[in-house]
There are 2 protein chains.
Amino acid sequence: MNNRKIDNLDLEILNILQVDGKVSNAEIARKVGKAPSAVLERVRKLKQSGIIKGYECIVDHKALGSGLTAFTSIRVEEGVGATEVGQRLAEFPEVLEVHYTAGRDSYLVKVRVEDTEALQATLAKFGTLGPVRDTNSTIVLTTVKESRVIPLPGDDK
Amino acid sequence: MNNRKIDNLDLEILNILQVDGKVSNAEIARKVGKAPSAVLERVRKLKQSGIIKGYECIVDHKALGSGLTAFTSIRVEEGVGATEVGQRLAEFPEVLEVHYTAGRDSYLVKVRVEDTEALQATLAKFGTLGPVRDTNSTIVLTTVKESRVIPLPGDDK
DNA sequence: ACTGAAACGATGAATGA
DNA sequence: TCATTCATCGTTTCAGT
């Protein structure tokens with residue numbers, strides 16, 4: 001996790017990769033006007049320094065038995081064991097995201113399961129985690145956008 | 001978006017790709033014991049049928065100027081124009097996710113910006129979107145897990 | 001649907017500017 | 001840090017089963 005200096009070329013490369021993680025180095029090289037080996041070096045260093053964390057294949061969760069998305073707020077007892085609850089929550093495969101949030105000593109988790117029945121089962125498991133006080137779920141009806149692409153400084157240049 | 005029948009081999013391939021979107025077809029072929037061309041055909045059909053939606057490069061948002069994550073609940077006026085608000089919200093690059101949720105006629109959006117000042121600016125933009133009544137933001141302090149990988153039926157076999 | 005072979009293109013390392 | 005070259009490996013097409 002070295003702290004590299006990121007220049008415009010890095011941002012160009014990252015912008016291309018954010019939109020499509022499957023583009024080849026050779027194609028990136030063509031787009032940015034550099035040799036493939038130069039791009040390879042850049043990408044490798046971005047990976048090494050932790051700027052590029054990895055690559056994910058985006059699948060259609062609705063077609064694969066996880067059609068129900070919910071956001072659940074989980075209140076935990078303050079103090080000892082609070083951070084441990086987050087780790088435990090993260091271990092559930094149906095829990096895609098675990099965020100510790102400000103304000104009310106609670107976690108906000110994103111859950112993806114088959115149906116409401118499965119959600120109930122998951123919530124029941126949350127209840128057994130120790131210092132969990134109560135949970136509050138919001139069910140997603142439709143998802144308009146779901147992405148990880150963040151705006152990079154290179155966008156407006 | 002054709003409705004293909006997904007068999008065990010498809011699930012095996014998807015499980016490999018979900019964990020690492022950059023594995024080569026040749027390596028998948030080795031793992032599942034098939035020829036590379038066979039895997040290529042499978043992956044191509046999964047892509048064509050919409051099961052595989054794409055590939056994303058996961059970047060370190062903290063290192064790239066989007067260190068603040070927030071979940072904002074946006075109440076909208078019922079009735080006409082409600083779905084349009086979702087489309088408008090999705091157009092903001094700093095808005096990564098837009099979910100229409102049950103219960104209170106509201107959107108839940110995931111926002112990723114530089115700091116609280118930038119968040120304030122984004123919230124101000126939300127206010128100009130027409131039928132928006134009020135917003136309620138929850139700031140993320142630490143993210144324990146953030147993934148898109150869903151559990152597939154092939155996992156327990 | 002899968003195999004195997006063959007052509008093509010990308011990867012990745014070495015060298016040098 | 002990048003370009004060039006080159007051996008190696010992956011991708012992709014196609015004929016055959």
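Letters A, B, ... mirror the listed sequences (proteins, then strands); counts begin at 1.
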Go through the structure and list residues passing side-chain contact (heavy atoms from CB on, under 4.5 Å) with B:T116, not counting sequence neighbours. B:L68, B:I139
Does a nitrogen or oxygen in the side chain of A:K45 sit under 4.0 Å from OP1 or OP2 of D:dT1? yes
Let's see if you get this right: which residues in residues 22-31 of chain A place a heavy atom under 4.0 Å from DNA chain C? A:S24, A:N25, A:A26, A:R30
Using whole Å, what does the distance between atom P of nucleotide D:dC9 and atom CG of A:L40 come to? 16 Å
Chain B contact limits on DNA chain C, taken 5' to 3' with a cut-off of 4.0 angstrom to heavy atoms: C:dA1 to C:dG4
With salt bridge (Lys or Arg N to Asp or Glu O under 4.0 Å) as the rule and sequence neighbours excluded, what pairs involving residues 39-50 of chain B come up? B:D7-B:R42, B:D10-B:R42, B:E41-B:R44, B:E41-B:K45
Polar side-chain atom of B:T143 near backbone of B:K145 as donor-acceptor pair, under 3.5 Å: no
Compute the centroid of each ring, for A:Y55 and then for B:Y55, and state whether the two points are separated by less than 6.0 Å. no
Sequence neighbours excluded, the answer for side-chain contact (heavy atoms from CB on, under 4.5 Å) partners of A:K34 is A:L9, A:V32, A:A38, A:V39
Can you list every pair that meets salt bridge (Lys or Arg N to Asp or Glu O under 4.0 Å) and has a residue in residues 118-131 of chain A, with sequence neighbours left out? A:E94-A:K125
Identify each donor-acceptor pair in which a side-chain atom of residues 21-29 of chain B lies under 3.5 Å from a protein atom, sequence neighbours left out, and give them as a table.
residue : atom : partner : partner atom : Å
B:S24   : OG   : B:E27   : N            : 3.2

Helix axis bend for the helix from C:dA1-D:dT17 to C:dA17-D:dT1 - C1'-based end axes, five pairs, 10° rounding: 30°
Counting any heavy atom closer than 4.0 Å, what does A:A35 reach on the DNA or RNA strands: base, sugar-phosphate only, or nothing? base
Atom-pair distance (CZ on A:R42; C1' on D:dT1), nearest Å: 7 Å
If the condition is salt bridge (Lys or Arg N to Asp or Glu O under 4.0 Å), which residues does B:R88 pass it with, not counting sequence neighbours? B:E84
With side-chain contact (heavy atoms from CB on, under 4.5 Å) as the test, pick out the partner of B:T72 among B:N136, B:L123, B:T138. B:L123
Whole angstrom is fine here: how far is it from CZ in A:R44 over to P in D:dT1? 13 Å
Please list all pairs meeting ring pair (Phe, Tyr, Trp, His ring centres under 6.0 Å) that have one or both residues in residues 111-139 of chain B, counting only residues at least two apart or in different chains. B:F92-B:F126
Under the rule for ring pair (Phe, Tyr, Trp, His ring centres under 6.0 Å), what residues qualify as partners of A:Y100, not counting sequence neighbours? A:Y107
Whole-Å distance separating the NZ atom of A:K5 from the P atom of D:dT1: 12 Å
Using whole Å, report how far CD1 of A:I13 lies from C1' of D:dC2. 12 Å
Nearest heavy-atom neighbours spanning B:G86 and A:V144: O-CG1, 3.7 Å
Spacing of A:D7 atom CG relative to D:dT1 atom C1', expressed in whole Å: 10 Å
note: A:D10, atom CG; D:dC2, atom C1'; distance rounded to Å ~ 13 Å
Same cluster (ILVMFWY, side-chain, under 4.5 Å), A:L152 and A:I6: yes
Pairs under 3.5 Å (N/O, protein and nucleotides 14-16 of chain D):
none

side-chain contact (heavy atoms from CB on, under 4.5 Å) with A:L89: of A:V76, A:L129, A:V111, only one passes, and it is A:L129
